[in-house]
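Sequence lines set the chain letters: A, B, ... in the order given, protein chains first and strands last, and positions in each chain run from 1. As the structure is a prediction and not an experimental result, all values here were calculated from the model.
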Amino acid sequence: MDNRLVLYNTLTRKKEKFEPLNPPFVGMYVCGPTVYSDVHLGNCRTFVSFDLIFRYLTHLGYKVRYVRNITDAGHLEGDNDEGDDKFAKKAKLERLEPMEIVQKYTLGFHEVLRLFNTLPPSIEPTATGHISEQIEMVKKIIEQGYAYEVNGTVYFDVEKYVKEYDYTILTNRKLDDLLNNTRELNGQDEKRGRLDFALWIKAKPEHIMRWPSPWGVGFPGWHIECSAMSSKYLGDQFDIHGGGMDLAATHHTNEIAQSQACNHMQPAKYWMHTNMLTVNGTRMSKSAGNGFLPHELFSGSHPLLERGYSPMAVRFFMLQAHYRSTLDFSNEALEAADKGYRRLMNAMALLPKLNATAKNTEIKVDELKARCYAAMDDDFNSPVLIAELFDAVRIINSAYDGKLTLDEPSLVSLRTLMQDFVHGVLGLVDDNTGSDDFEKLMDVVISLRNEAKHSKDYTTSDRIREGLSSIGIQLKDSKDGTLWNKI
RNA sequence: GGUCGGGUGGCCGAGUGGCUAGGCAGAGGUCUGCAAAACCUUUUACAGCGGUUCGAAUCCGCUUCCGACCUCCA
């Protein structure tokens, strides 16, 4: 097993050597979506990033248990007992039961991630399926003295917590600044401290999603589900906790506090945060109204797009940036990524057609392979990996053109390398191949055109080529025959 | 206002104290019936100003611009 993997830990703000608590097992928890609306591309980026991480850890031989939750309980719009439950609000708008909303957007989420070729997590627990675990955890936190109940609502006592623990460990903020920047408590507020947050919230009469608890009928606060479910499936302490960077300051900070108060240990050894997808330099988000929906991108129906892009081209686009960098979304950038993706896929398609020769012309596949691992070992640096793979693309194309030769071991090694990294680690597949029937049909068309060419009937051969081009099929002649691909 | 992260060539986007990132686009060439594809060659960089250093785009300081978080969002 590779032991040179280094990853950036938000907890320490440094790259650290990856040493799992119980090798070869790795526990990874990633905060999933709140399924009250369509996922947008920014959400997708996070899940594609963690898919890359999951795939690489698995590729290295780790036995990864990847837990990603579905948030389907009725959290409030704000972190206090005001505002509407998002599901109830949406249910009213769409005239559906809250659980119909949950079902609809859960299915949509799965469909989109399937199109992006992400592997399903090992466990995908839902918040509503773990109400009792959450209640148990709240009870334990109260027992430990870090929470208090007021009129059926339970609050986490941050002021007590900060006496023993570092509340701002994840984001390195100063407690005084947090206090100064938080709303004043108003007269009706039940909370003792300004930074206190709800673990369990008393349901108002109109609140639909509600469960009985020791404190009366209510629903869980918006951080407790992740603490409860991660410890249930991965233990009180596990290896990696991930999510979008936007979750670090509040959600993850409170998760750590809850787990520490309950179990007296850091829940995760490594905290990993993925950066935001931006549009014109500004974060893509639901509330800002600049969110692209996946189907708008695939079909090109979004007003800012000139055309549609395939899910795999978009995945490639995302992987060409490092997960901790922002990635800016534009027509030009997508266009470039799409072409690069096709170039990579075309080379992949040539790989089986290559023939080994007796001698190798100075191609050192082992060195290339080492560079690929070095790239991924350095905090999952997929852009550098892709740059290395384009070296392989050049080798493959040159070999196909007969401009260099590969001996049998090199060719086998090259094929394995490309298979492992392009398909296995990057999760890229060719979305442009047709069905078997279609392939056979193209063989017929191409042979007709080649007959015309041989008889110097270029009018006919060009008509075929232009006709195919007009329906998006590009022909590529070479000495060994004619290849085609969809544009 | 506080905390943090950035400003890299036409675009996207890596990286680094001295050695070509890569993709796309542009230019020239090879191949080709023509084209495409492919291959070869090639132009455009590191926000600004100081400092450390034999050497900085890379480290330090200042300036400036941008963004994220601090309020629901991956």
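- Nucleic acid contact class of A/His40 (heavy atoms, under 4.0 Å, all strands): base.
- Separation of the C1' atoms belonging to B/rU42 and B/rG48 is 31 Å when rounded to the nearest angstrom.
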Exercise for the section: Start with the C-alpha gap between A/Arg307 and A/Asp338, add the side-chain angles, then the distance that decides, and say whether salt bridge (charged side-chain N to carboxylate O under 4.0 Å, His left out) holds. Expected result: CA-CA 11 Å; A/Arg307 68 174 183 91; A/Asp338 185 59; 2.8 Å; yes
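- Partners of A/Tyr165 under the side chain to side chain donor-acceptor pair (under 3.5 Å) rule, at least two apart in sequence or in another chain, are A/His264.
- When distances run from any side-chain atom of A/Lys174 to the nucleotides B/rA74, B/rU3, B/rA37, the shortest one goes to B/rU3.
- Between the CZ atom of A/Phe316 and the P atom of B/rG23 there is a distance of 9 Å, rounded to whole Å.
- Checked options A/Thr106, A/Thr34, A/Thr128; the residue passing with A/Asp72 is A/Thr128 (criterion: side chain to side chain donor-acceptor pair (under 3.5 Å)).
- Protein atom OH of A/Tyr167 is 14 Å distant from nucleotide atom C1' of B/rU3, rounded to whole Å.
- Summarising the geometry, the separation between CE on A/Met276 and P on B/rC70 is reported as 10 Å, rounded to the nearest angstrom.
- Checking A/Tyr155, A/Phe156, A/Phe197 one by one against A/Tyr161, the ring pair (Phe, Tyr, Trp, His ring centres under 6.0 Å) holds for a single residue, A/Phe156.
- No option in A/Phe47, A/Phe317, A/Phe298 other than A/Phe298 meets the ring pair (Phe, Tyr, Trp, His ring centres under 6.0 Å) test with A/Phe116.
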Practice task
Carefully, step by step, assess A/Lys369 and A/Asp420 under the rule salt bridge (charged side-chain N to carboxylate O under 4.0 Å, His left out).
Solution key: CA-CA 10 Å; A/Lys369 184 176 167 182; A/Asp420 283 354; over 6 Å; no
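- Taking 3.5 Å as the limit, the base of B/rA35 and the side chain of A/Asp477 contain a donor-acceptor pair of atoms between them.
- Rounded to whole Å, the C1' atom of B/rG23 lies 8 Å from the corresponding atom of B/rG13.
- Contacts classified as ring pair (Phe, Tyr, Trp, His ring centres under 6.0 Å) and involving residues 461-487 of chain A (residues at least two apart or in different chains) are given here: A/Phe438-A/Trp484.
- Atoms CG (A/Leu170) and C1' (B/rG5) sit 15 Å apart, rounded to a whole Å.
- Residue contacts shown for A/Gly32 are limited to sugar-phosphate atoms, with no base heavy atom under 4.0 Å away.
- Side-chain proximity of A/Leu247 to B/rA74, B/rU3, B/rA38: nearest is B/rA74.
- Within 4.0 Å of A/Glu335, counting heavy atoms only, lies no atom of the nucleic acid at all.
- Taking atom C1' in both B/rG18 and B/rG1, the straight-line distance is 43 Å, to the nearest Å.
- Using a 4.0 Å heavy-atom distance criterion, A/Gly243 is classed as a sugar-phosphate-only contact.
- Among the nucleotides B/rA74, B/rC39, B/rA25, the one closest to any side-chain atom of A/Lys339 is B/rA25.
- B/rC73 atom C1' lies 16 Å from atom OH of A/Tyr105, rounded to whole Å.
- Summary of the strand contacts: A/Val393 and A/Asp378 both lie near RNA chain B, and taking for each the nucleotide with the nearest heavy atom, the more 5' one is attributed to A/Asp378.
- Note on A/Thr171: only backbone sugar-phosphate atoms sit closer than 4.0 angstrom, heavy atoms only; bases stay farther off.
- Between A/Asn172 and B/rU3 there is no side-chain polar atom (N or O) within less than 4.0 angstrom of OP1 or OP2.
- Aromatic pair A/Tyr233/A/His130: centroids less than 6.0 angstrom apart.
- Across the protein-nucleic acid pair, A/Asp246 atom CG and B/rC4 atom C1' stand 14 Å apart, rounded to whole Å.
- Residue A/Arg463 places its CZ atom among 12 or fewer non-hydrogen atoms of other residues, nucleotides or ligands, all under 6.0 Å distant.
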Between the protein and nucleotides 40-44 of chain B, which nitrogen or oxygen pairs are less than 3.5 angstrom apart?
{"unit_1": "B/rC40", "atom_1": "OP2", "unit_2": "A/Arg394", "atom_2": "NE", "d": "3.4"}

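- Ring-plane geometry between A/Phe316 and A/Tyr341 is classed as tilted, the angle between the planes lying from 30 to 60 degrees on a 0 to 90 degree scale.
- At a threshold of 4.0 angstrom between heavy atoms, the contacts of A/Asn485 with the nucleic acid are absent.
- Within 4.0 Å (heavy atoms only), A/Thr282 reaches sugar-phosphate atoms of the nucleic acid but no base atom.
- Annotation: A/Lys90, atom NZ; neighbour count of heavy atoms from other residues, nucleotides and ligands within 6.0 Å is above 12.
- Partners of A/Ser382 according to the side chain to side chain donor-acceptor pair (under 3.5 Å) rule, which considers only residues two or more places apart in sequence or in another chain, do not exist here.
- Taking A/Thr357 as the reference, A/Thr405 meet the side-chain contact (heavy atoms from CB on, under 4.5 Å) condition, with sequence neighbours excluded.
- The gap from the P atom of B/rU43 to that of B/rG5 amounts to 36 Å, rounded to the nearest Å.
- Comparing the P positions of B/rU3 and B/rC19 gives a spacing of 36 Å, expressed to the nearest Å.
- For the segment residues 450-468 of chain A, the set of residues with a heavy atom within less than 4.0 Å of an atom of RNA chain B comprises A/Lys453, A/Tyr458, A/Ser461, A/Asp462, A/Arg465, in numerical order.
- Close to B/rA68, at under 4.0 Å from its OP1 or OP2, lies no side-chain N or O of A/Arg173.
- Taking the P atom of each, B/rA45 and B/rG9 are spaced 10 Å apart, rounded to whole Å.
- In terms of phosphate contacts, A/Asn397 brings no side-chain nitrogen or oxygen within less than 4.0 Å of OP1 or OP2 of B/rA38.
- Between A/Arg343 and the phosphate of B/rA38, there is a side-chain N or O to OP1/OP2 separation shorter than 4.0 Å.
- Partners of A/Glu124 by side-chain contact (heavy atoms from CB on, under 4.5 Å), not counting sequence neighbours, listed by chain and number: A/Arg68, A/Ile70, A/Phe109, A/His110, A/Pro121.
- For B/rA14 and B/rA27, the C1' atoms lie 25 Å apart once the distance is rounded to whole Å.
- Every residue two or more places apart in sequence or in another chain that forms a side chain to side chain donor-acceptor pair (under 3.5 Å) with A/His273 is listed here: A/Thr10, A/His252.
- Helical stems in RNA chain B, defined as runs of 3 or more consecutive Watson-Crick or G-U wobble pairs with donor-acceptor distances under 3.5 Å: B:1-7 with B:64-70, B:10-12 with B:22-24, B:26-30 with B:38-42, B:47-51 with B:59-63.
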Side-chain atoms of residues 342-350 of chain A: list all donor-acceptor pairs with protein atoms under 3.5 Å, sequence neighbours left out, distances to 0.1 Å.
{"unit_1": "A/Asn346", "atom_1": "ND2", "unit_2": "A/Arg342", "atom_2": "O", "d": "3.3"}

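- Nucleotide B/rA36 holds its P atom 19 Å from the CZ atom of A/Arg342, rounded to whole Å.
- Look at the C1' atom in both B/rU52 and B/rU58: the space between them is 14 Å, to the nearest Å.
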Exercise for the section: Using a 4.0 Å heavy-atom cut-off, write out nucleotides 8-14 of chain B from 5' to 3' as B (base contacted by protein), S (sugar-phosphate only) or - (no contact). Expected result: ---SSSS
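- Under the side chain to side chain donor-acceptor pair (under 3.5 Å) criterion, A/Thr282 pairs with no residue at all, not counting sequence neighbours.
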